[in-house]
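Questions regarding the structure given below will be posed in turn.
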Number of protein chains: 4
Amino acid sequence: MSKRKTKRELLLEAGLDLFCEKGFEKTTIDDIIARADCGKGTFYRYFDNKDSLYSELENEFNTLFRQEVNKNCHSGMGLRQYTTAALTTFLRVFRQYQRLGMLRFIREQSLEPDARKASINPIMPYLMEMRDYFATAITSGAVRNINPENVVGLIIGATHFFLLRDFKLNLPYSPKDIEDTVDIILNGVARP
Amino acid sequence: MSKRKTKRELLLEAGLDLFCEKGFEKTTIDDIIARADCGKGTFYRYFDNKDSLYSELENEFNTLFRQEVNKNCHSGMGLRQYTTAALTTFLRVFRQYQRLGMLRFIREQSLEPDARKASINPIMPYLMEMRDYFATAITSGAVRNINPENVVGLIIGATHFFLLRDFKLNLPYSPKDIEDTVDIILNGVARP
Amino acid sequence: MSKRKTKRELLLEAGLDLFCEKGFEKTTIDDIIARADCGKGTFYRYFDNKDSLYSELENEFNTLFRQEVNKNCHSGMGLRQYTTAALTTFLRVFRQYQRLGMLRFIREQSLEPDARKASINPIMPYLMEMRDYFATAITSGAVRNINPENVVGLIIGATHFFLLRDFKLNLPYSPKDIEDTVDIILNGVARP
Amino acid sequence: MSKRKTKRELLLEAGLDLFCEKGFEKTTIDDIIARADCGKGTFYRYFDNKDSLYSELENEFNTLFRQEVNKNCHSGMGLRQYTTAALTTFLRVFRQYQRLGMLRFIREQSLEPDARKASINPIMPYLMEMRDYFATAITSGAVRNINPENVVGLIIGATHFFLLRDFKLNLPYSPKDIEDTVDIILNGVARP
DNA sequence: GATGAATGAGCATTCATTCAT
DNA sequence: CATGAATGAATGCTCATTCAT
């Protein structure tokens, strides 16, 4: 019953570990096979090269992202509930699968222009869906007449901020921070 | 009158160009000297290695950042004015000196933990100053009782979002987007 | 039957050849791999760098030296027999494994002070043993009361002289030269 | 009256210092001009390259060597007196002008075969003269019938030994060592 | 399937040498 | 006379990739 990890899985894990520790470019295939404890030939049996292993990891992340969004964010939710769910889901996905998520941050900036677009494509539909939620809310009168993309932008931006502050300064975010942030997005900071 | 550019300046410019185009790791010293049109020895006359050239560029950015914040964000400003100034300044610095700014995004993620902290240090005091602005505004009653760090977080987050959307999807932000975003931060999206 | 030489052995041989021909510093890794007829990566698979290949050769020499001294110089021998054996062994080791021996002469002078001491350490016990032979001979009355270290010094010095004369002027030493030299050390040049 | 050192002299001194400290190959022209505190162009004003500076130093040594031998070793001397003078002169030249002398040891081994011969040529006549002294002493009956070259060989060998022991192990030789060594060469170690 | 020896293109770095000022 | 900026050939070293076992 106990499933021994296959060499392929060991390689994927080792790659993820190392990309997060040392960055993609600085990680060598020798590093990966050393940590996965297998031979060089084995790496090339399963992956064409380092990029192809990276792609697998990215796909894995995208799948997880989609699952979580589908599970947690529904158009039937109320405004505060939905906004909180969106921010929380983003943060949870990047946190629960933290290294996979951070990997995206670490890597995707340095890709070629075309590759940059391609890497965000699988996620775009879900962001569009969120935009549509707020667009609908405007129509229904629950939300003021602002560009709904900017709401999604603030949610994504807050995610960036919390994760990078955690990553760079070791300052994790608290539930209160999330609540605060949602509250600002909904009601603003100004005393009415 | 106009002073011909020195080799050192040519190298810095070439480095900046290439780091932005191909990323730091993928840029070779041969690339840099080819674009700066000078010999390999000349590179090593002025810089110890690629990292040292990068550091110079980062310092340059930090200096520009400080200048712009000092010039544009003052504690005497009103709430909307200040928030707009903060977001605008962030965006202008990263835009006007766009490539220098993007460079930070592209590179700093893959540094060692200690280097990550070090790279953000020169900017921290200015972020603290912003936080203090909002803390004061809470005391004075102009702002509701939320954690002022989260306001700064949303401003930074929005900056991230606008810039990365521009960089990745070639979708630039408009003055209306800025206005919208400030408005959301101040008054929230919810119709009162 | 005869085992084909491994790449590692080919590299060691090529290194020895070239160090002797052109000196250590003037020999490049490209030279070595060209002569060993293998790729650059192969060199670095087996050795960290040129110094590490050199160390291997030095160890090889030290091992040979120890073997020869153990085989040829015994405390039970008579004075002339022992002195002849010592000089002959020195010369044979440096001659039979001529290039390895000469390698020591060529290289070790330019090392850092600490490295100089370290490089002579593996040989020291054997020189001490020789000194002790003559010290014992003084006690037993066979040898006059001189500092036994100076006898060993003359044997080593004669070895230096014969080898360097051979190396520099292409003038090899003869059995008669050895006999002569031992005779001088034992009985002096002065007609009694 | 106080003669300020010329740039040329400063360069020669710096070269000598550095060749002794780090070896010829490891010393760069940048090292030399840094220690001589002058510009790169100045080096090339006075010397064609590093080899040419070395040659000057070697010539300087050879001149000193000739002066000392002429001053101290005369054919009219008695056997012990002459032998002592020869060994002492060798040692003094290499000691008094220690770094120049050691420089020869350090460097000359690694030269090309032809250069090796050339570098010893200026000294050969003086070694021949010593050989002739002992040859004459054989004819006159003061010395037994051995090959006189081997006597010179032992004197040179002893010099090598004393100097290298000093250089490598920091064990200097004493007047007693010289006396001992001359005594062995003249009368042998064996109790008659 | 799994391995790791062998490879060489590619990159960083050094340093002797030139030459305009 | 003196300088030092500029140069690029030479060299050390890395690492992705291949392939015979």
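To find a chain, count down the sequence lines: A is the first, B the second, and so on, and within it residues start at 1.
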Problem - Residue pairs involving residues 30-42 of chain A (criterion salt bridge (Lys or Arg N to Asp or Glu O under 4.0 Å); sequence neighbours excluded) - result: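 As it turns out, the salt bridge (Lys or Arg N to Asp or Glu O under 4.0 Å) pairs with a partner in residues 30-42 of chain A, which skip direct neighbours, are Asp17(A)-Arg35(A), Glu21(A)-Arg35(A), Lys22(A)-Asp31(A), Asp30(A)-Lys40(A).
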
Problem - Minimum heavy-atom distance between Leu12(D) and Glu56(D), given as atom pair plus value - result: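 Here Leu12(D) and Glu56(D) meet closest at CD2-CB, 3.7 Å.
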
Practice task
Check whether any side-chain N or O of Thr42(C) sits under 3.5 Å from a backbone N or O of Cys38(C) as a donor-acceptor pair, and report yes or no.
Solution key: no

Problem - Atom-pair distance (CG on Asp31(A); C1' on dA16(F)), nearest Å - result: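 Whole-Å distance recorded here is 13 Å.
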
Handout entry: Euclidean distance, atom NZ of residue Lys50(B) to atom C1' of dT14(F) [Å, nearest integer]
Key = 13 Å

Exercise for the section: Give, for atom CG of Leu11(D) and atom CD1 of Ile32(D), the distance between the pair rounded to the nearest 0.5 Å. Expected result: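 If we round to the nearest 0.5 Å, Leu11(D):CG and Ile32(D):CD1 are 7.5 Å apart.
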
Fill in the blank from the handout: Note on DNA chain F: ranges paired as stems (three or more Watson-Crick/G-U pairs in a row, both atom distances under 3.5 Å) are E:2-21 with F:2-21

Exercise for the section: Go through the structure and list residues passing ring pair (Phe, Tyr, Trp, His ring centres under 6.0 Å) with Phe61(D), not counting sequence neighbours. Expected result: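 Once residues adjacent in sequence are excluded, the partners of Phe61(D) under the ring pair (Phe, Tyr, Trp, His ring centres under 6.0 Å) criterion are Phe94(D).
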
Practice task
Can you tell me the distance, in whole Å, between the CG atom of Asp30(D) and the C1' atom of dT3(F)?
Solution key: 13 Å

Handout entry: Spacing of Lys7(D) atom NZ relative to dG4(F) atom C1', expressed in whole Å
Key = 13 Å

Handout entry: Ile29(C) CD1 to dT14(F) P, straight-line distance once rounded to whole Å
Key =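 From Ile29(C) CD1 to dT14(F) P: 10 Å.
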
Exercise for the section: Indicate yes or no: at least one non-hydrogen side-chain atom of Arg66(C) is less than 4.5 angstrom from one of Pro122(C). Expected result: yes

Exercise for the section: For Ile33(C) and dC13(F), give me the distance from atom CD1 to atom C1', rounded to whole Å. Expected result: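 After rounding, the reported distance stands at 11 Å.
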
Fill in the blank from the handout: With sequence neighbours left out, the residues meeting ring pair (Phe, Tyr, Trp, His ring centres under 6.0 Å) with Phe47(D) are Phe43(D)

Problem - Length of the line joining Phe24(C):CZ and dT11(F):P, which is rounded to integer Å - result: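 That distance rounds to 14 Å.
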
Problem - Atom of Ser52(D), atom of Asp48(D) and distance for their closest heavy-atom approach - result: OG-N, 3.2 Å

Handout entry: Rounded distance in Å - CZ (Arg8(D)) to C1' (dT3(F))
Key = 19 Å

Problem - Proximity to DNA chain E (any heavy atom under 4.0 Å), residues of residues 38-47 of chain A only - result: Cys38(A), Gly39(A), Lys40(A), Gly41(A), Thr42(A), Arg45(A), Tyr46(A)

Practice task
Taking heavy atoms of chain B and a 4.0 Å limit, find me the 5'-most and 3'-most nucleotide of DNA chain E within that range.
Solution key: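 Under 4.0 Å from chain B, the extent on DNA chain E is dC11(E) to dC15(E).
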
Handout entry: Check: Gly39(C) main-chain N/O paired with Lys7(C) side-chain donor or acceptor under 3.5 Å
Key =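 Answer holds: no.
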
Problem - Pairwise 5' ranking along DNA chain F for Asp48(C) and Thr27(A), keeping only the more 5' one - result: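 Counting from the 5' end, the first nearest nucleotide belongs to Asp48(C).
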
Practice task
Quick one: do Leu57(B) and Leu53(B) satisfy side chain to side chain contact (heavy atoms under 4.5 Å, CB included)? Show the steps, please.
Solution key: CA-CA 7 Å; Leu57(B) 291 172; Leu53(B) 188 152; 3.6 Å; yes

Handout entry: Min side-chain heavy-atom separation Tyr46(A)-Thr6(A) under 4.5 Å
Key = no

Completion exercise
The residue, Asn49(D) or Asn49(B), whose nearest nucleotide of DNA chain E is more 5′ is Asn49(B)

